[in-house]
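Note sheet for the following structure.
Chain identifiers are assigned alphabetically (A, B, ...) following the order of the sequence lines, protein sequences preceding nucleic acid strands; residue numbering begins at 1 within each chain. Please read these numbers as outputs of a predicted model, since none were measured by experiment.
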Amino acid sequence: MSIYDTLNEQQKKAVFTTTGPVLILAGAGSGKTRALTHRVAYLIEEEGVSPTNILAITFTNKAAGEMKERVNQLVGFGSEQIWVSTFHSTCVRILRRYIDRLGFDNNFTIYDTDDQKGIIKEVCKKLEIDTKMLKERTIMSAISSAKDELISPTEYEMQALGDYNAGRIAKAYKEYQATLRKNNALDFDDLIFKTVELFKANPDVLESYQNRFRYIMVDEYQDTNTSQFELIRLLADKYRNLCVVGDDDQSIYKFRGANIRNILDFEKVYTEACVIKLEQNYRSTQNVLDAANAVIQNNVARKNKALWTDKKDGSLLHFHQFDTAYDEAEYIADNVREKKREDIADYGECAVLYRTNAQSRMLEERFIMKGIPYQVVGGVNFYSRKEIKDILAYLKTIDNGRDDVAVKRIINVPKRGIGATTILRVQEYANERNISFYDALREADQIMTIGKSAVKLKPFVTMIQAFRSKLEFFNLEDLIKDILETTGYVRELENSDTEDAEDRIENIDELLSKAVAYEKAHEEANLSEFLEEVALVADIDQVEGDNNKVLLMTLHSAKGLEFSHVYLAGMEDGVFPSYMTIVSDNPEDVEEERRLAYVGITRAKDDLTITCARQRMIRGETQYNPVSRFVKEIPPLLLDHKLPEPKYKSYEAHDDDFSGRNSFKAKPYEARQSGTIQTKTAQAGTVQFSEAGYRKTENVYKRQFGKDADTIFDKPKVSARPKAVLKPKRTAYEDQPYITRAAAQIKEQSQGAASSSGSSLGYGQGDRVKHLKYGEGTVMKIESGPRDYQVTVVFDEVGQKIMYAGFAKLKKV
DNA sequence: CGTACTAGTCTTTTT
DNA sequence: GACTAGTACG
């Protein structure tokens with residue numbers, strides 16, 4: 001019995017076909033990681049391929065780690081020698097070695113979105129681009145798209161001829177690249193671009209990597225963009241042992257430049273390619289799978305496949321429409337708690353998925369209220385928080401004095417009385433002499449224009465020099481501590497009475513422990529590599545598998561994961577699919593959203609709950625949204641609750657115009673040009689839909705279910721509710737990077753309460769207490785729960801509430 | 001130079 | 001609603 005016996009026929013074919021180009025079309029849950037890991041094992045064990053000759057590219061560091069681990073289990077040795085990493089990390093490793101050939105310093109820094117924006121701003125100022133007319137954002141995304149397509153500034157300029165705005169972007173692009181070069185920095189897109197450039201300009205370097213990576217595998221191939229494809233094409237060009245794995249139905253990163261043609265046209269580029277389809281789904285129940293299939297079928301641009309499963313039907317999909325987002329969140333939290341109580345599911349088996357990060361807030365509040373452990377993935381990245389970026393900027397300055405962005409970030413943090421004017425003068429001086437900002441600082445006393453401010457600059461330079469000289473004998477931890485001590489960064493935070501100072505200090509502590517962990521994991525930890533690792537972490541990388549918490553994340557972050565119990569929240573037209581895509585005149589945009597829905601549905605192994613709200617606050621505006629078209633595409637037979645009956649007819653359909661999907665396909669553009677319809681709801685607020693998108697939904701629905709598919713506009717019952725009691729602020733906390741401050745307090749309290757007899761509450765049964773939002777009330781009961789004291793209070797105004805002492809912050813009156 | 005307030009924008013998704 | 005950039009003022 002060998003390890004390969006457990007594979008199905010198609011998986012075996014994927015594993016045993018080791019030479020030449022291979023395209024594996026792997027449907028959701030079809031065991032593609034299994035196939036990939038076994039393939040690597042097979043290469044090493046049966047074909048005697050050296051692990052060093054294998055390159056596997058994954059999408060996230062987390063996926064890379066998992067792959068390594070699984071190969072290790074199969075082979076038992078050598079897996080640490082396989083090069084498994086993301087596109088970006090792969091490129092950094094190559095560039096660290098060879099980028100000097102392109103005129104960069106090998107210790108270049110990597111700019112994140114914030115840094116980029118800063119540069120773009122400078123560029124706009126310099127080129128006198130009016131950012132009201134042409135937004136930084138637009139310029140940035142134009143540059144990013146250009147890089148994804150491997151278009152250089154010069155080429156961009158040529159293409160922009162005759163177009164005023166494009167011409168300005170071209171100028172900005174050119175200037176931006178010049179600045180990056182001057183600062184010895186690369187942005188995310190450059191990492192790929194420059195590697196391709198390096199390979200093209202240096203055939204010897206390319207060949208050495210071609211010889212090294214004789215077997216190349218790429219996971220999540222449907223999400224590669226043009227530059228990534230080119231990179232892979234170059235690397236695989238000599239031996240052509242390229243195996244790509246993907247699912248066109250799960251392509252959800254078009255906004256990031258992903259080119260779905262890469263997978264759809266693979267066979268055209270590699271005519272000798274062997275195509276293998278993995279269609280048996282091992283993950284989900286029949287009902288879940290049926291729903292997913294029904295939804296994705298509405299997409300036109302896809303390779304046909306039919307996922308099937310051996311599994312039982314399973315339970316029906318649950319569907320609930322609520323009046324408000326509050327009710328929705330409340331229900332989900334209750335439902336999770338119930339499943340836990342009845343032993344149906346543990347917390348770690350549940351996940352709540354939503355379209356936008358902003359939707360996590362309401363859910364977090366409810367989860368905290370009910371004491372359910374959870375972890376939010378994403379939102380504001382830990383490493384893009386102000387305080388973290390400040391500390392990192394110190395490290396960057398110490399590491400690479402040419403990084404002007406970093407130097408300018410910290411020159412007056414903490415306050416040293418160095419203002420904008422001084423910085424400007426120094427920059428002018430630097431520009432004249434063509435030296436870096438930092439080098440200009442060193443010559444501060446020679447800059448005539450800044451006068452007496454020069455005195456303030458000197459101590460800064462001396463300090464940085466001192467840090468640099470300590471670099472040799474300090475480890476990372478000591479260095480960071482020294483920075484905090486010398487600059488008084490934490491002291492300043494402690495003295496300021498801003499609300500979030502404490503959070504910030506905690507975040508800094510978290511950074512320190514990350515640095516310590518990094519040093520433990522790496523024998524010869526050095527500053528540059530630490531900074532580089534930090535720059536390339538994804539949110540999902542921080543999720544630990546074994547902490548038994550409900551995971552809250554966007555649908556995008558959920559790709560590649562699976563859970564027994566999945567909640568799809570906010571399933572409303574306007575939220576998901578997003579308003580932007582509904583009104584877009586490109587029908588492909590809604591198709592991408594549909595793929596996202598497909599990803600969401602197929603995350604569920606056993607149980608799927610779909611929820612939505614009639615009323616929802618989005619960006620400070622109350623919106624009334626109908627049930628998502630994607631829900632309507634699920635056969636009603638699979639749902640436990642019927643879709644709501646339409647109450648307001650908002651649009652009269654003309655069946656003659658569109659008798660079915662084919663006729664829609666036949667004349668999409670005329671349809672789309674007929675503008676938008678506005679639908680007034682009973683309450684204030686309007687919702688717009690593109691007519692085409694609207695009609696399409698309608699027709700698909702009719703065709704499948706023979707029902708009137710009118711958009712539903714229920715008049716929401718607006719119940720008077722107390723406003724949210726707390727705003728969860730995300731903060732890093734010990735081993736749990738993204739639990740909220742309030743949850744952290746609960747934890748502290750419960751730990752403290754265990755040792756100190758419990759009188760620490762300061763109030764007891766029968767006492768009158770005051771709550772920040774609920775006002776005054778009487779304590780009825782205090783019970784010690786598993787995490788904290790549960791206090792029951794009857795408030796004078798809002799009635800009885802049961803809450804956790806640690807976070808309710810009740811005061812005796 | 002630093003602070004406090006105001007106005008405007010934003011988000012759909014991220015390596 | 002929340003965050004940020006820009007501005008007016010001390």
Between A/Lys456 and A/Thr581, which is nearer to the 5' end of DNA chain B once each is assigned its nearest nucleotide?
A/Lys456
Nearest whole angstrom, please: distance from the C1' of B/dT12 to the CG of A/Leu555.
11 Å
Under a 3.5 Å cutoff, is there a donor and acceptor pairing between the side chains of A/Thr324 and A/Asp327?
yes
Could you point out which residue of A/Lys389, A/Lys121, A/Lys408 forms a salt bridge (charged side-chain N to carboxylate O under 4.0 Å, His left out) with A/Asp115?
A/Lys389
Please indicate yes or no: is the ring centre of A/Tyr253 less than 5.5 Å from the centre of the six-membered base ring of B/dT14, with the two planes inclined by under 30 degrees?
no
Taking any heavy-atom pair under 4.0 Å as a contact, classify A/Lys415: base, sugar-phosphate, or nothing.
sugar-phosphate
Is the phosphate of B/dG2, meaning OP1 or OP2, less than 4.0 Å from a side-chain N or O of A/Arg416?
no
Could you check how far CG of A/Asp539 sits from C1' of B/dT11, rounded to whole Å?
15 Å
Does a nitrogen or oxygen in the side chain of A/Ser89 sit under 4.0 Å from OP1 or OP2 of B/dT15?
no
Does A/Arg137 have a side-chain nitrogen or oxygen under 4.0 Å from the phosphate oxygens OP1 or OP2 of B/dT11?
yes
Under 3.5 Å donor-acceptor pair, A/Arg355 side-chain atoms to B/dT12 base atoms:
yes
Considering every strand and a 4.0 Å limit on heavy-atom distances, what is the contact class for A/Thr421: base, sugar-phosphate, or nothing?
sugar-phosphate
A/Ala538 near the nucleic acid: base, sugar-phosphate alone, or nothing, with a heavy-atom cut-off under 4.0 Å?
sugar-phosphate
Can you tell me if the side-chain N/O atoms of A/Ser578 get under 4.0 Å from OP1 or OP2 in B/dT13?
no
Go nucleotide by nucleotide along DNA chain B from the 5' end; which of A/Ile418 and A/Phe188 gets its closest nucleotide reached first?
A/Ile418
Answer whether the closest heavy-atom distance between the side chains of A/Met140 and A/Tyr176 falls below 4.5 Å.
no
At under 4.0 Å, does any side-chain N or O of A/Asn357 touch on OP1 or OP2 of B/dT13?
yes
Measuring to OP1 and OP2 of B/dG2, would you say a side-chain N or O of A/Asn412 lies under 4.0 angstrom away?
yes
Scan A/Thr60 against the nucleic acid and name what it touches under 4.0 Å (heavy atoms): base, sugar-phosphate only, or nothing.
nothing
What nucleic acid atoms does A/Glu592 come within less than 4.0 Å of, heavy atoms only: base, sugar-phosphate, or nothing?
nothing
Stacked cation flag A/Lys194 on A/Phe108, 6.0 angstrom / 45 deg:
no
When rounded to whole Å, the NZ to P distance for the pair A/Lys194 and B/dT15 reads 23 Å
Mind checking if A/Lys132 touches a base, just sugar-phosphate, or nothing, with heavy atoms under 4.0 Å?
nothing
Let's see if you can work this out: which of B/dT15, B/dT14, C/dG1 has an atom nearest to the side-chain heavy atoms of A/Phe255?
B/dT14
Which listed nucleotide (C/dT4, C/dA2, B/dT15) is nearest to the side chain of A/Lys386?
C/dT4
How close or far is atom C1' of B/dT14 from atom CG of A/Asp187, stated in whole angstroms?
14 Å
Taking the side chain as C-beta and beyond, is there a heavy-atom pair between A/Asp445 and A/Lys458 under 4.5 Å?
yes
Whole angstrom is fine here: how far is it from CZ in A/Arg385 over to P in C/dC3?
12 Å
Below 4.0 angstrom, N of the basic side chain to O of the carboxylate: do A/Lys147 and A/Asp187 qualify?
yes
For A/Lys117 and C/dT4, give me the distance from atom NZ to atom P, rounded to whole Å.
9 Å
Please report, rounded to the nearest Å, how far the P atom of B/dT15 is from the CG atom of A/Asp115.
16 Å
What is the separation between atom CD on A/Gln228 and atom C1' on B/dT14, rounded to the nearest whole Å?
12 Å
A/Gly419 near the nucleic acid: base, sugar-phosphate alone, or nothing, with a heavy-atom cut-off under 4.0 Å?
sugar-phosphate
